[in-house]
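Comments concern the structure below.
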Amino acid sequence: MAAVLVRAADRKSVLLSALVLAVCALAVLNASSAATRARRTDLGVLACVGWRRRQLLLLLGTELAGIGLAAGAAGTLLAIPVALLFGLDIGWAHALSAVPIAVLLALAAGAVPAWRAARPDPGSLIRPAVSATATRRRAPRRLAGLALANLVRTPGRTALGALSMAIGVAALTVLLAITFAFRGAVAGTLLGEAVAVQARTVDYLAVAVTIVLGVVSVADVLYLNVSERAAEFALLTAVGWTEGMLARVVTVEALTMGVIGGTVGAGTGLGAAAVFAGGVTGALAAGALAALAVGVAVAMLGVLVPVTLIRRLPTAQLLAQE
């Protein structure tokens, strides 16, 4: 939707649109990685019965293209009324351009997971992963320690969730700096060129969309973590852990990703705003702290779906499968 909101966009609006698309790409990357890993055995069976790498890539690529096509069509239909609401004139050519952009974005974001899932060794796809050497680690004794251990278990996924939040917080930091520190507009030079930046309502909309997508990414990471650790949670429930204790573990995970992403984003946005201000001022620092607080607060919303999943875990069935 961000690709068609503004017809004659300035550099700032283009940058905000790029940030929205970047968060979307991270969400697709995370989802495609989880999907291919969940279908590891299915893909291995197809490879065993004669499917070649090219065929597997075509299968996964077609699925990604379908996701991008659906997202592009939905974004186009949603962008038209939003543009009318904000008085923006968008032609059908610009509106329809969101469809191929969404398809290309989905294919690019899911290319690496698809390539890894379609590797030619069928045995490695259907064989359970066994570590060559066993390492002895200290078991966490507190809820916070367990939450941190869960995040470290999948560092790439955790980084994607934190990075998604960081992008939104960075954009919010810069926008707050323009609004309050520079009274709605700022002019300066960047790389020898004159640059003028002004905060508009549509810019706040783009930042809001970016932050919402960041929250969705955090929720997706937590949901996948809970789904993959369902048997562990069932075992903890069987030995006396309450749903509240498990929910606090997930909450700490969300808080950690929010703090990491918010800190990185606020620091990045503060540095960008300081370039125009000639240094860090009190107003800029206050805006960065406000953006950090918003990022952490909204990241906590990502626990709603995972906590609901915890309450619906079939404990007896999961223990029987183990």
Side-chain angles (χ1 to χ4, degrees), residues 1-3 5-6 9-27 30 79 82 85-86 88 158-188 190 195-221 254-304:
M1 185 180 71
L5 276 178
V6 182
D10 54 14
R11 295 180 179 179
K12 170 181 54 61
S13 298
V14 172
L15 177 60
L16 290 175
S17 300
L19 293 179
V20 174
L21 294 177
V23 178
C24 292
L26 292 176
N30 186 34
V82 171
L85 178 63
F86 288 93
L88 302 174
T158 302
L160 287 177
L163 181 58
S164 298
M165 286 302 308
I167 293 175
V169 172
L172 180 60
T173 302
V174 173
L175 202 58
L176 289 177
I178 295 173
T179 303
F180 297 105
F182 300 106
R183 298 181 180 180
V186 57
L190 182 63
V195 177
V197 179
Q198 183 178 4
R200 301 179 302 177
T201 304
V202 69
D203 297 327
Y204 279 100
L205 176 62
V207 171
V209 171
T210 306
I211 294 178
V212 169
L213 291 173
V215 176
V216 172
S217 296
V218 171
D220 188 32
V221 170
L255 178 63
T256 302
M257 283 190 288
V259 170
I260 295 175
T263 302
V264 173
T268 303
L270 181 61
V275 172
F276 289 96
V280 178
T281 63
L284 293 180
L289 291 176
L292 172 60
V294 170
V296 174
V298 298
M300 300 302 293
L301 298 176
V303 306
L304 297 178

Using a 4.5 Å cut-off on heavy atoms from C-beta on, say whether the side chain of [Y] contacts that of [X].
| X | Y | answer |
| --- | --- | --- |
| I211 | V169 | no |
| I167 | L26 | yes |
| V215 | M300 | no |

Qualifying side-chain hydrogen bond (donor to acceptor under 3.5 Å, both in side chains) pairs, either residue in residues 159-176, two or more places apart: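 Every pair satisfying side-chain hydrogen bond (donor to acceptor under 3.5 Å, both in side chains) with a residue in residues 159-176: S164-S217.
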Do you know which two heavy atoms are closest between [X] and [Y], and how far apart they sit?
| X | Y | value |
| --- | --- | --- |
| L213 | C24 | CD1-SG, 3.4 Å |
| M165 | G295 | CE-O, 3.3 Å |
| A290 | L176 | CB-CD1, 4.2 Å |
| G168 | T210 | CA-CG2, 3.5 Å |
| G214 | V23 | N-CG1, 3.9 Å |

Set of residues satisfying side chain to side chain contact (heavy atoms under 4.5 Å, CB included) with respect to A25, sequence neighbours excluded: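 Side chain to side chain contact (heavy atoms under 4.5 Å, CB included) list for A25, sorted by chain: L105, A109.
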Output side-chain donor-acceptor pairs under 3.5 Å for residues 258-275, partner residues at least two apart or in another chain, one line each.
unit_1, atom_1, unit_2, atom_2, d
T263, OG1, V259, O, 2.6
T268, OG1, V264, O, 2.8

